*Asks:* 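What follows is a structure written as C-alpha cells; I'll ask about it next.
Numbers restart at 1 for each chain; the letters A, B, ... are given by sequence-line order, proteins then strands. Since this is a predicted model, take the numbers as computed values, not measurements.
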Amino acid sequence: MPELPEVETMTRELRQELPGRTVLTATLRPKALYRRGSASVHRLVGRTICAVERVGKNTVIRFRPSGLMLVNLGMTGRLVTAPNGSHPAGARASHLHGRFKLDGDLRLLYYDARRFGHFYVAETCDFQKDLNVGPDPFIAKPGYFKRVLEGRTAPIKSLLLDQRLVSGIGNIYADELLFDAGVDPRTPAGELGDSASRLLRSARTVLKLAIDHGGSTIRDYRRHDGSMGEFQQHHAVYGREGEPCKVCGTSIVRVALGGRGTHFCPECQR
DNA sequence: AGCTTCGCCTGCTTGC
DNA sequence: TGCAAGCAGGCGAAGC
C-alpha cells in the first residue's frame with residue numbers, strides 16, 4: 001500500500017528520468033481510472049515534462065507550457081519507466097493500464113493489479129480545494145494537529161487516514177506513528193490534548209525513517225528497479241499481531257477500527 | 001458537518 | 001491437491 005514514504009521514493013526515482021521528455025503518445029484504460037472531472041491523457045501529447053513532485057500520497061507530473069497529471073497509486077499501482085520494448089521486473093502485462101511513449105526511447109508505464117488507483121489531468125489544480133488533499137506532516141506547522149483535532153470525537157486513527165485533514169498517512173504508518181507517540185488508536189481525537197503535538201513529531205520521525213529505508217513492501221510495492229523497500233523489517237506493530245512488543249514484550253493486539261485492521265501495544269499505547 | 005459503512009477490484013490466504 | 005469463500009484496503013459516495 002503506497003503511502004507517503006513509498007510515493008516519495010517513487011517520485012524521486014521518476015524525477016531522475018522524466019524532466020525534459022516530451023509525450024509522443026498517451027493511453028489510459030479503463031475509464032474508471034480517471035478521477036471525476038479529469039481531462040483525457042491525450043491532452044498531454046506534445047507537451048514536455050518540467051517537474052515531478054509529491055503531494056500527499058500523489059505523484060504530480062507537471063508539463064510546459066502548462067498542464068499536470070496527478071497519479072494516485074491506490075493500493076497496488078506502480079508507475080515506472082522502461083525502454084521501448086522492455087518491461088520492468090515483476091510486472092504482469094495484464095496489469096498494464098497506462099502507457100506514455102516519451103521521446104528518447106523511453107516509456108512511462110502504469111501497472112495496477114486491483115485498479116484502485118486514479119489519474120487526474122488538468123491545466124491547473126488547487127490540491128486542497130479541488131482534490132481534498134490537506135498538508136502532509138512535513139508541511140504542517142506545529143500546533144496544526146491540535147487545532148484541527150479539537151472537538152472531534154472520531155478515533156484518532158480514523159482521522160489520521162483522512163487525507164483532507166493530513167495527507168500522506170495510510171494504514172501502516174498510522175499504526176506505526178501512534179505506537180511511536182504512545183497513543184491508543186481508539187482515543188477520541190479531541191481528547192488528545194498535548195499529545196496531539198507529539199503525534200505530529202512522531203509522524204515526521206516515522207515517515208522520515210521509512211523514506212530512508214525506501215518504504216515498506218508488504219505485498220505489491222516495489223522500488224523502481226524492482227527491489228523491495230526495507231522498512232517493513234522495522235515495523236513495531238503493523239502486521240505483528242500476537243508478537244511481543246519490542247519495548248515491553250506485551251502481545252501486539254489487532255482490532256478493526258473504521259473497517260481497517262489496526263495494530264497496537266495495549267501496554268505502551270494508552 | 002461529522003462519523004460510519006459500503007462498493008469498487010483482484011490476488012493471496014484459509015478452510016474443507 | 002483443488003476449489004470456493006474470506007480477507008485486505010485507498011478513497012469516493014452514500015447513509016445516518
*Asks:* Does A:His42 use its side chain to pair, donor to acceptor, with the backbone of A:Ala26 at less than 3.5 Å?
*Replies:* yes

*Asks:* Which pairs count as side-chain hydrogen bond (donor to acceptor under 3.5 Å, both in side chains) when at least one residue sits in residues 183-196 of chain A, sequence neighbours excluded?
*Replies:* A:Lys146-A:Asp194, A:Asp184-A:Arg186

*Asks:* Which protein N or O atoms sit under 3.5 Å from an N or O of nucleotides 13-16 of chain C?
*Replies:*
unit_1	atom_1	unit_2	atom_2	d
C:dA13	OP1	A:Arg36	NE	3.3

*Asks:* Enumerate, atom names and distances included, each donor-acceptor pair closer than 3.5 Å involving a side-chain atom of residues 252-265 of chain A, sequence neighbours excluded.
*Replies:*
unit_1	atom_1	unit_2	atom_2	d
A:Thr262	OG1	A:Lys157	NZ	2.8
A:Thr262	OG1	A:Arg260	O	3.2
A:His263	ND1	A:Asp175	OD2	2.8

*Asks:* Using atom names, set out every protein N or O paired with an N or O of nucleotides 5-9 of chain B below 3.5 Å, distance rounded to 0.1 Å.
*Replies:*
none

*Asks:* Under 4.0 Å between any heavy atoms, over every strand shown, what does A:Gly261 touch: base, sugar-phosphate, or nothing? Just pick one.
*Replies:* sugar-phosphate

*Asks:* List in numerical order all residues of residues 143-166 of chain A for which some heavy atom is under 4.0 Å away from an atom belonging to DNA chain C.
*Replies:* A:Gln163

*Asks:* From A:Glu150 CD over to A:Leu192 CG, what is the distance, rounded to the nearest 0.5 angstrom?
*Replies:* 11.5 Å

*Asks:* Is it the case that the side chain of A:Glu3 and the backbone of A:Gly170 share a donor-acceptor pair, with hydrogens and angles ignored and the cut-off at 3.5 Å?
*Replies:* yes

*Asks:* Enumerate the residue pairs fulfilling salt bridge (Lys or Arg N to Asp or Glu O under 4.0 Å) with a member in residues 45-60 of chain A, sequence neighbours excluded, ordered by first and then second residue.
*Replies:* A:Glu8-A:Arg54, A:Arg47-A:Glu123, A:Glu53-A:Arg62, A:Arg54-A:Asp136

*Asks:* Relative to the ring of A:His213, is the ring of A:Phe231 parallel (under 30°), tilted (30 to 60°) or perpendicular (over 60°)?
*Replies:* tilted

*Asks:* I need the CG-P distance between A:Asn171 and C:dG9, as an integer number of Å.
*Replies:* 5 Å

*Asks:* Main chain of A:Val52, side chain of A:Arg15: is a donor-acceptor contact present, judged purely on distance under 3.5 Å?
*Replies:* yes

*Asks:* Any sub-3.5 Å donor-acceptor pair from A:Gln269's side-chain atoms to A:Pro185's backbone N or O?
*Replies:* no

*Asks:* Can you pull out every salt bridge (Lys or Arg N to Asp or Glu O under 4.0 Å) where at least one residue sits in residues 195-211 of chain A? Sequence neighbours excluded, please.
*Replies:* A:Lys208-A:Asp212

*Asks:* Starting at atom CG of A:Asp112, determine the distance to atom C1' of B:dG11, rounded to an integer number of angstrom.
*Replies:* 12 Å

*Asks:* Within the side chain of A:Tyr34, is there an N or O that forms a donor-acceptor pair under 3.5 Å with the backbone of A:Val41?
*Replies:* yes

*Asks:* Does C:dG12 have OP1 or OP2 under 4.0 Å away from a side-chain N or O of A:Tyr34?
*Replies:* no

*Asks:* Sequence neighbours left out, what pairs pass salt bridge (Lys or Arg N to Asp or Glu O under 4.0 Å) with at least one residue falling in residues 64-73 of chain A?
*Replies:* none

*Asks:* Could you state the atom-to-atom distance from CG of A:Leu33 to P of C:dG12 in whole Å?
*Replies:* 14 Å

*Asks:* Assign A:Asn72 to base, sugar-phosphate, or nothing according to its heavy-atom contacts below 4.0 angstrom with the strands shown.
*Replies:* sugar-phosphate

*Asks:* Using a 3.5 Å distance criterion without hydrogens, assess whether the side chain of A:Glu230 forms a donor-acceptor pair with backbone atoms of A:Ser216.
*Replies:* no

*Asks:* Going by ring pair (Phe, Tyr, Trp, His ring centres under 6.0 Å), name the pairs with one or both residues in residues 125-158 of chain A, residues two or more places apart or in two chains.
*Replies:* none

*Asks:* Could you go over nucleotides 4-7 of chain C and give all protein N or O partners under 3.5 Å, atom names and distances?
*Replies:*
none

*Asks:* Tell me which pairs pass salt bridge (Lys or Arg N to Asp or Glu O under 4.0 Å) where either residue lies in residues 240-251 of chain A, with sequence neighbours left out.
*Replies:* A:Arg240-A:Glu243

*Asks:* Whole-Å distance between C:dC11 C1' and A:Leu131 CG?
*Replies:* 12 Å

*Asks:* Whole angstrom is fine here: how far is it from CE in A:Met75 over to P in C:dC11?
*Replies:* 10 Å

*Asks:* Below 30° counts as parallel, above 60° as perpendicular, anything between as tilted: where do the rings of A:Phe119 and A:Tyr110 land?
*Replies:* perpendicular

*Asks:* Return the value, rounded to whole Å, for the distance between atom CD of A:Glu3 and atom C1' of C:dC11.
*Replies:* 13 Å

*Asks:* Nearest whole Å is fine: how far is C:dG12 P from A:Leu70 CG?
*Replies:* 10 Å

*Asks:* Rounded to 10°, tell me the angle between the two end axes of the helix from B:dG2-C:dC16 to B:dC16-C:dG2, each built from five pairs.
*Replies:* 50°

*Asks:* How long is the line joining CG of A:Leu257 and P of C:dG10, in whole Å?
*Replies:* 13 Å

